[in-house]
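Here's the structure we're looking at; comments come further down.
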Amino acid sequence: MQISVVGLGVEGQKATISLLKRGFNVYSSDINRNIKLDVLNEYLDDSEENLDLEIGSHNTDKIFKSDAVAVSPSLFKKQICQTIIEKNIFISDVLNKHKKIKTIAVTGTNGKTTTSHMIYHILKNENYNVLLGGNGGGGFEGYIDLLLQANQNNTYDYLIIEVCDMTLEFCQYVFDIDMIVVTNVGYDHMDVHGSIEHYTEELGEFIKNKTCILNYNDENLRKIKNKSNNALFFKTYEYPLNLFGEFNLQNADAARVTCSQLGIKNENIVKSLETFKSVEGRTLKLKYNDLNIVAGKTDNVDALKAVLDEEQFNILIIGTARKGETFRLHILDYINKYKPNTLILFPGLEDTTYDYMKYLNKLGYNQDTLIIKEVEDLINYINNQKNVNIFIGGNGQSKITDIINILSH
């Protein structure tokens with residue numbers, strides 16, 4: 001079977017890898033000559049004969065003659081994607097067994113990954129056959145990998161998808177979604193959404209005529225409840241939970257209401273969530289020597305605020321974003337108000353520490369600030385601290401996970 005992949009962002013690269021692993025012949029292309037293929041290059045070796053890779057252009061003849069075509073979510077509204085759909089070769093129309101599985105989509109600005117895993121954990125404990133995946137940026141293998149897995153095995157009872165807020169329309173087409181969980185509406189990817197109001201409108205369209213589970217604590221979500229044909233609300237979980245933070249109590253209540261709607265007894269849900277452990281890379285609290293450390297991915301101002309509002313930290317260690325993601329600099333606005341004793345910047349996704357320092361200078365930030373570029377040096381710095389509270393977050397999930405793993409062992 002010949003399958004094409006159009007667009008080689010993170011999702012496109014992960015789709016290419018997923019297809020190659022399953023033995024498909026793949027033609028993958030991107031019109032951007034300077035596209036970074038870091039994800040794909042980690043997988044590829046010289047013996048890969050099933051891949052026809054083209055950078056700088058799309059060969060539409062190869063694409064339209066394919067048995068199926070996977071398209072990057074960012075290109076979903078482009079004409080090439082519409083033509084692929086019209087020719088009935090869009091991958092979710094060709095491989096469509098996944099649409100028969102009861103499907104739950106989890107979206108929102110923050111808490112998607114944890115909430116998805118909580119629902120998965122509860123359903124697995126009820127002996128259901130459950131498949132979990134989705135958003136490639138959230139630590140999963142991407143939407144196409146999830147689709148391929150679901151089509152390989154038709155015995156799944158439930159399909160749980162983490163849906164990135166920038167891929168709502170794409171996922172609405174690719175999957176037959178039965179229930180939608182929306183964790184919150186926050187200030188992330190505003191370069192795409194334009195405004196919080198427009199993002200809320202997009203969510204309103206996404207939940208239209210679906211059963212949805214909405215966060216009652218979020219006034220924006222209360223505004224769009226009438227878009228759904230069956231809107232249920234979650235608030236704050238009131239039972240034992242071994243996770244840090246008020247925000248995780250909201251995630252847990254989202255999972256509780258969702259699974260209650262699926263017919264699971266409340267006592268069983270509570271029992272399952274008592275044993276739930278933090279997802280790798282997500283916020284957790286740990287004791288290290290005489291230090292209290294909280295660490296986890298907090299790559300937007302709402303996620304950071306949710307953690308920092310829980311307690312006072314003496315030291316903040318913050319990973320930086322990619323070049324050009326200027327909207328992520330707004331976490332520094334909140335740090336400027338928070339004023340930790342010491343702020344440390346490290347290259348998270350890319351080394352944009354200079355941009356962060358420049359922005360801090362513009363804010364008139366006058367607390368102690370350090371730049372530490374290597375994980376080993378960060379660990380040495382932490383080892384030299386005594387009796388303080390430290391938060392490690394920002395961007396750069398893999399590096400934050402590395403730091404957590406070192407401190408935990």
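What's counted below: heavy atoms across the whole structure, side chains too, no hydrogens, waters or symmetry copies.
Looking at D351 and T353, their side chains do bring a donor and an acceptor atom within 3.5 Å of each other. For N215 and Q250, the side-chain atoms include at least one donor-acceptor pair closer than 3.5 Å. Between D368 and N341, the side chains place no donor N or O within less than 3.5 Å of an acceptor N or O (distance only, hydrogens not considered). N361 and Y356 form no side-chain donor-acceptor contact under 3.5 Å, judged by distance and modelled atom types alone.
For the atom pair K305 NZ and F247 CZ, the distance stands at 12.5 Å (nearest 0.5 Å).
Ring orientation note: the planes of Y158 and Y128 are nearly perpendicular, at an angle over 60° on the 30°/60° scale. Classified by interplanar angle (parallel below 30°, tilted 30° to 60°, perpendicular above 60°), the ring pair F170/Y143 is tilted. The aromatic rings of F313 and Y338 sit tilted, their planes meeting at an angle between 30° and 60°.
Qualifying side chain to side chain donor-acceptor pair (under 3.5 Å) partners for T155, counting only residues two or more places apart in sequence or in other chains: N129, N153.
Between Q261 and L232 the shortest side-chain heavy-atom distance falls below 4.5 Å. A heavy-atom distance below 4.5 Å is found between the side chains of S92 and H98.
Around atom NZ of K124, more than 12 heavy atoms belonging to other residues, nucleotides or ligands sit under 6.0 Å away.
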Worksheet item: What do the steps show when you test I144 against K14 for side-chain contact (heavy atoms from CB on, under 4.5 Å), and what is the final call?
Response: CA-CA 8 Å; I144 302 305; K14 290 200 169 189; over 6 Å; no
